[in-house]
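Note on naming: letters A, B, ... go to the chains in the order of the sequence lines (proteins, then strands), and numbering restarts at 1 for each one.
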Amino acid sequence: MKLTVFGKSYEVEKGSSAGDLLKNEFAEDFKSYYAVKIEGTLTDLFAPIDKDAEITPVTFQDEDGKKVFRHSCSHLLSMAVLQLYPDAKLAIGPAIENGFYYDFDVETPFKPDDLPAIEKAMDKLMRSSLRPKRFTLPRSEAIALMKEKNEPYKVELIEDLPEDATISFYQMGDFVDLCAGPHLPNLNYLKAFKLTQIAGAYWRGDENKKMLSRIYGTCFPSKQELNDYLEMVEEARKRDHNKLGRELELFTTVDIIGQGLPIFLPKGTRILQILQRWVEDTEMKRGYVHTKTPLLAKRDLYKISGHWDHYRDGMFIIGDPDDETKECFALRPMTCPFQYQAFLNRSRSYRDLPMRLGETSTLFRNEDSGEMHGLIRVRQFTISEAHLIIRPDQLEEEFRGCFNLAHDILSTLGLWEDCSFQFSQWDPQNTKKYEGTPEQWDAAQQAMKIILDDIGIDYKVAKDEAAFYGPKLDIQIKNVFGKEDTLITVQIDLLLAKKFGMEYTDADGQKKNPYIIHRTSIGCYERTLALLIEKYAGAFPTWLAPVQVKILTITNRSDDAAGELQQMLWDQNLRCELDLRNEKIGFKIREAQMQKIPYMFVIGDREAENKTVTIRNRKGDNLGTVPFGDAVAMIKKLNDDKTID
RNA sequence: GCCAAUAUAGCUCAGUUGGUAGAGCAGCGGUUUCGUAAACCGCAGGUCAAGGGUUCGAGUCCCUUUAUUGGCUCCA
């Protein structure tokens, strides 16, 4: 039998394993091989092979290798937990990005204080050098084994597998766990792990099922790598917008106003204002017109749109929703049906299309109390919303236009490189959620697929993530905790125009329903601001900074000159603050740096006399002494060019 | 909504087995007018998140509520 590895073939005995070969031929690197791919299938290193094959070892450098490594660590965790809590029932324990978790059903949920003891038990088990041993059983025997071990969750998992499935287990000492594998050849590879947090998690992700106790952890091949990672996480959390945004006085919250209802302070408001003006101008340059529609409407409107049926729980309702004899209003959770009324204002011709209706739109969504997160998930927010009412033949061009706009906006903000793409499709099985016929859905999804493939972005398909009226392109971004959220969405809707009786007269004189694209250009301002804070750690590019320049005087003799300079900046619509306090200049600079202000203009006696300033950047570097006019021009250029400095 | 953690001055945090609240920074008033990472002196600042309970006595123990945080679920 021949095994080929790294392009070289070796003659080996039939039934021997990749591990046997690698151990001999690549002894030096052998410890870094966690498993092998045999003809593309990830397999245990020492699994017997019975025919010629191409094998590729996987290491921690490979995604697959990381997965094997961390999955084995999750098993180490479950072994330790069973040792300390013999009554714990095992659920599942996969590897995830940057680590792993394991879900347990225990009488009392784990507490943070329990983790050190579990880690200690894991460490001891790790040192006993257990070799995970794989064996398989037919389905009925597998169920019997798990029943004997009193593992109801495992039984349920097996019962969901097909009748004829062969089911694999891994044994490590007395410990047996249902598992597809593969695993590390020896658990003593797991020299550097850490249990990071505890959380509740529903069995099978279903909120109607039991809540289990989840332990998260991470592990690396060496202590050094583990510490580097933990340090990196620590650093990332220092950029947390929720902490920084408050420290920098961008926003605050108060109990008495309520959850998910942030107060934007002057500096935060300034940034929102800069963004909004820029977005509206940008849209105008691309043929958008804007509307201003009400923040609430009678329930009747939402009944037509379908929101009353689909999302009533998510709306703030004013009045008794169940009393049909009285007026009942709801704050709007979206703008669609409001803007459609603008289209319906008079009869429309095919020549009127595309009609690009934009609105800087404040929305209200009654999110569950546990959902709120800083500025990322709030109950009242403002979105750069638009509905493009178009003819079918305009779909491709207009969709591209929306994509390009999103690209241009996010690139200017410096966020584009951090984004990923998700093509959110419907699930025909989930009949409760979606409206429209399979034909309509196929048409919309097919159209979007063609456009996305043509644009050439790398997207991931997400089933059952569509809006109830159509498929979406979601532009996703991760926050400092690694949690992904949608920043921008572009949706194709072939359904709602008909429901609202929207028609245009085509060239052939026929009345037709338009298509509609729902989209945002900068997304939700609150969320985008949150991501910007985290991206720049509060040190915004000059064009976005709420205070672009701080003018610092060395003595009060320079106050008049400072005032003059401030007025010159104001005259150019630039944003500056004056610090005339009687403090040492070093102290003032330090304070401006802590406020992350991009530039400091220092004026002492020498400068005041010549009408010059010494410019310092936020790092404190001296950029030289220049005339007032030049200093103002420098900031003006950074501002107008939207430079990411 | 569910699982868990947290809540003391504007901010960062002390506060012992229950004995009636403390520091630094910020603020205010003085002094200092100074050339690059925290000048000096003084003053003021708190219903210890809110409400209830146990106790002779609660920041501390118990319960409820609110908010914040990390997950889960949800996310038009």
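Remark: B/G45 base-pairs with no nucleotide in the shown strands. Criterion, Watson-Crick or G-U wobble with two distances under 3.5 Å. When Watson-Crick and G-U wobble pairs are counted only if both distances are under 3.5 Å, B/A4 pairs with B/U69. Pairing of B/C56, defined by two Watson-Crick or G-U wobble distances under 3.5 Å, is identified with B/G19. When both distances must be under 3.5 Å, the Watson-Crick or G-U wobble mate of B/A37 does not exist.
Heavy atoms of A/G314 sit under 4.0 angstrom from at least one base atom. Counting non-hydrogen atoms under 4.0 angstrom, A/S305 reaches nothing in the nucleic acid. Across all strands, A/P333 comes closer than 4.0 Å to base atoms (heavy-atom distances). Residue contacts shown for A/F110 are absent, as no nucleic acid heavy atom lies under 4.0 Å away. Among the heavy atoms of the strands, none lies under 4.0 Å from A/E484. Within the 4.0 angstrom heavy-atom criterion, no nucleotide atom of any strand lies near A/F468. Within 4.0 Å of A/G604, counting heavy atoms only, lies at least one base atom of the nucleic acid. Among the heavy atoms of the strands lying under 4.0 Å from A/R581 are primed sugar atoms or P, OP1, OP2 only; no base atom is included. Across all strands shown, A/K209 has no heavy atoms under 4.0 Å from either base or sugar-phosphate atoms.
Atom CG in A/D114 sits about 13 Å away from atom C1' in B/A5, given to the nearest Å. Atom NZ of A/K550 is separated from atom P of B/U36 by 19 Å (rounded to the nearest Å). Computed from coordinates, the A/H373 NE2 to B/G70 P distance equals 5 Å when rounded to whole Å. Look at CD on A/E607: it is 8 Å from C1' on B/G35, rounded to the nearest Å. The separation between A/R237 atom CZ and B/A5 atom P is 18 Å, rounded to whole Å.
The ring of A/F343 has its center no closer than 6.0 angstrom to the ring center of A/H387. Proximity of the aromatic rings of A/Y85 and A/F110 is defined here by a centroid distance below 6.0 angstrom, and this criterion is met.
The phosphate of B/A37 (OP1 or OP2) has no side-chain N or O of A/K588 nearer than 4.0 angstrom. Side-chain N/O atoms of A/S369 include one lying less than 4.0 angstrom from OP1 or OP2 on B/G1. Proximity of A/R616 to the phosphate of B/A37: no side-chain N or O atom is located under 4.0 Å from OP1 or OP2. Distances shown here put every side-chain N or O of A/Q197 at or beyond 4.0 Å from the OP1 or OP2 atom of B/A4. Neither OP1 nor OP2 of B/A76 sits under 4.0 Å from any side-chain N or O of A/H518.
Each of A/Y216 and A/M334 has a nearest nucleotide on RNA chain B; the 5'-most of these lies closest to A/Y216. The residue among A/P112 and A/D485 whose nearest nucleotide of RNA chain B is located toward the 5' end is A/P112.
For the P atoms, the distance linking B/U47 with B/C11 amounts to 13 Å, nearest Å. The gap from the P atom of B/U12 to that of B/G57 amounts to 34 Å, rounded to the nearest Å. Taking the C1' atom of each, B/A9 and B/A4 are spaced 29 Å apart, rounded to whole Å. With P as the reference atom, B/U16 and B/U8 are 16 Å apart, rounded to whole Å. Comparing B/U60 with B/U55, their C1' atoms sit 13 Å apart, to the nearest whole Å. Nucleotides B/A21 and B/A14, compared at atom C1', are 11 Å apart to the nearest Å. With both ends at atom C1', the span from B/A44 to B/G22 equals 16 Å, rounded to whole Å. Taking atom P on both nucleotides, B/C56 is separated from B/C43 by 40 Å, rounded to a whole Å.
Ion pair A/K588/A/E583 not flagged as a salt bridge, since none of the NZ, NE, NH1 or NH2 atoms sits closer than 4.0 Å to an Asp/Glu carboxylate oxygen. A/K478 has no carboxylate O lying under 4.0 Å from a charged side-chain N of A/D418, or vice versa, which leaves the two without a salt bridge.
The side chain of A/N556 lies closest to B/U33 when the candidates are B/C72, B/G35, B/U33. The side chain of A/E207 sits closest to B/U73 out of B/C3, B/U73, B/U33. Nearest to the side chain of A/A199, among B/G70, B/A38, B/A39, sits B/G70. Taking only side-chain atoms of A/T614, from C-beta outward, the nucleotide of B/U33, B/G35, B/U68 with the closest atom is B/G35. Of the candidates B/U33, B/A39, B/A37, B/U33 carries the atom nearest the A/R557 side chain, counting heavy atoms from C-beta on.
By the stacking rule of 5.5 Å between ring centres and under 30° between planes, A/F587 does not stack on the base of B/A38.
Interface remark: the A/E371 side chain does form a donor-acceptor pair with the B/U73 base, using a distance-only criterion of under 3.5 Å. With hydrogens and angles ignored, no donor-acceptor pair under 3.5 angstrom links the side chain of A/E247 to the base of B/G10. Applying the 3.5 Å distance criterion, the base of B/G1 shares a donor-acceptor pair with the side chain of A/Y202. A/R377 contributes a side-chain N or O that forms a donor-acceptor pair with the base of B/C74 under 3.5 Å.
Smallest separation of non-hydrogen atoms from A/G200 and A/M211: CA-SD, 3.9 Å.
Within the cation-pi definition used here (under 6.0 Å to the ring centroid, within 45° of the axis), A/R70 does not qualify as a partner of A/F100.
Using a 30° and 60° split on the angle between ring planes, A/F104 and A/Y102 fall in the parallel class, below 30°. Using cut-offs of 30° and 60° for the angle between ring planes, the A/Y434 and A/W441 rings count as perpendicular.
In this structure, the separation between OG on A/S420 and OH on A/Y459 is 14.0 Å, given to the nearest 0.5 Å.
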